[in-house]
Amino acid sequence: EAAVTQSPRNKVTVTGGNVTLSCRQTNSHNYMYWYRQDTGHGLRLIHYSYGAGNLQIGDVPDGYKATRTTQEDFFLLLELASPSQTSLYFCASSDAEGARDTQYFGPGTRLLVL
Amino acid sequence: QEKVQQSPESLIVPEGAMSSLNCTFSNSASQSIWWYQQHPGKGPEALISIFSNGNKKEGRLTVYLNRASLHVSLHIRDSQPSDSAVYLCAVIITGNTGKLIFGLGTTLQVQP
């Protein structure tokens, strides 16, 4: 079973604050993804990566940066947090990017921007 | 942009009944369709996927895909209270590098 962990699990910050969300997967998967989940919008892809040092833009990238430092670690950065970024954030990983490759999700980070 | 719509929004069934969930997608090039289960406070977990027209059965789950009508359904036989969760339909479009496009989900409640 793939293991994806996220930290912190809950985070409160103020408008304009700097936030880093962390994700680690322990199965040497090549692909890692950051999603946000909002009522009325569902899960939407922010950024993804297919290896250390690689970054691809997702569907809702504005206001977010991401960095993949190692095969295991993928970070999501909010450098000037805004209330619109209050959301539930999920990290996921998959071995490859094909249509038959399962994405395994972490437990999520709940972010509140005041 | 691919659209994935799910119905009903919520479903209540008695324990032991069949639960039927529906999903329509807008792009006939959708390469695969996935169903994920999400319990409160947890991340989504992949349940079952289908790539070809027809049906696929795994345990109590059966999925039917009809590409001509852009429709897929998930049926849970002998529903249990532990099946109570949000069910998310997601599609991957050909050439879209594994990007999942999710629907808003169906909330299933199985009453003992």
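Proteins come first, then strands; the chains are lettered A, B, ... in the order of their sequence lines, and each starts at number 1.
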Among A:Gly108, A:Ser94, A:Gly58, A:Gly40, single out the residue with the greatest number of heavy-atom pairs under 4.5 Å to chain B. A:Gly40
Flag yes if more than 12 heavy atoms outside A:Arg44 fall under 6.0 Å of its CZ atom; otherwise flag no. yes
Against chain A, work out which of B:Ser32, B:Ala90, B:Pro44 has the most heavy-atom pairs shorter than 4.5 Å and name it. B:Pro44
CD1 of A:Ile57: more than 12 outside heavy atoms within 6.0 angstrom? no
A:Leu76-A:Tyr104 co-clustered via ILVMFWY side chain contacts under 4.5 Å: no
Atom of B:Ala46, atom of A:Thr102 and distance for their closest heavy-atom approach: CB-CG2, 3.6 Å
I'd like to know whether NZ of B:Lys56 has more than 12 heavy-atom contacts from other residues, nucleotides or ligands below 6.0 angstrom. yes
Do B:Leu100 and A:Leu45 come close enough that some side-chain heavy atom pair is under 4.5 Å? no
How would you list, by chain and number, every residue that makes a salt bridge (charged side-chain N to carboxylate O under 4.0 Å, His left out) with A:Arg9, sequence neighbours excluded? none
Between OH on residue A:Tyr48 and NZ on residue B:Lys99, distance to nearest 0.5 Å: 5.5 Å
Backbone of A:Gln103 reached by a side-chain donor or acceptor of B:Tyr36 within 3.5 Å: yes
Side-chain touch A:Asp59/B:Ile101, heavy atoms, less than 4.5 angstrom: yes
Show your working on side chain to side chain contact (heavy atoms under 4.5 Å, CB included) between A:Phe90 and B:Gln38 and close with a plain yes or no. CA-CA 12 Å; A:Phe90 288 102; B:Gln38 186 175 20; 3.3 Å; yes
More than 12 foreign heavy atoms under 6.0 Å from CZ of A:Arg24: is that the case here? no
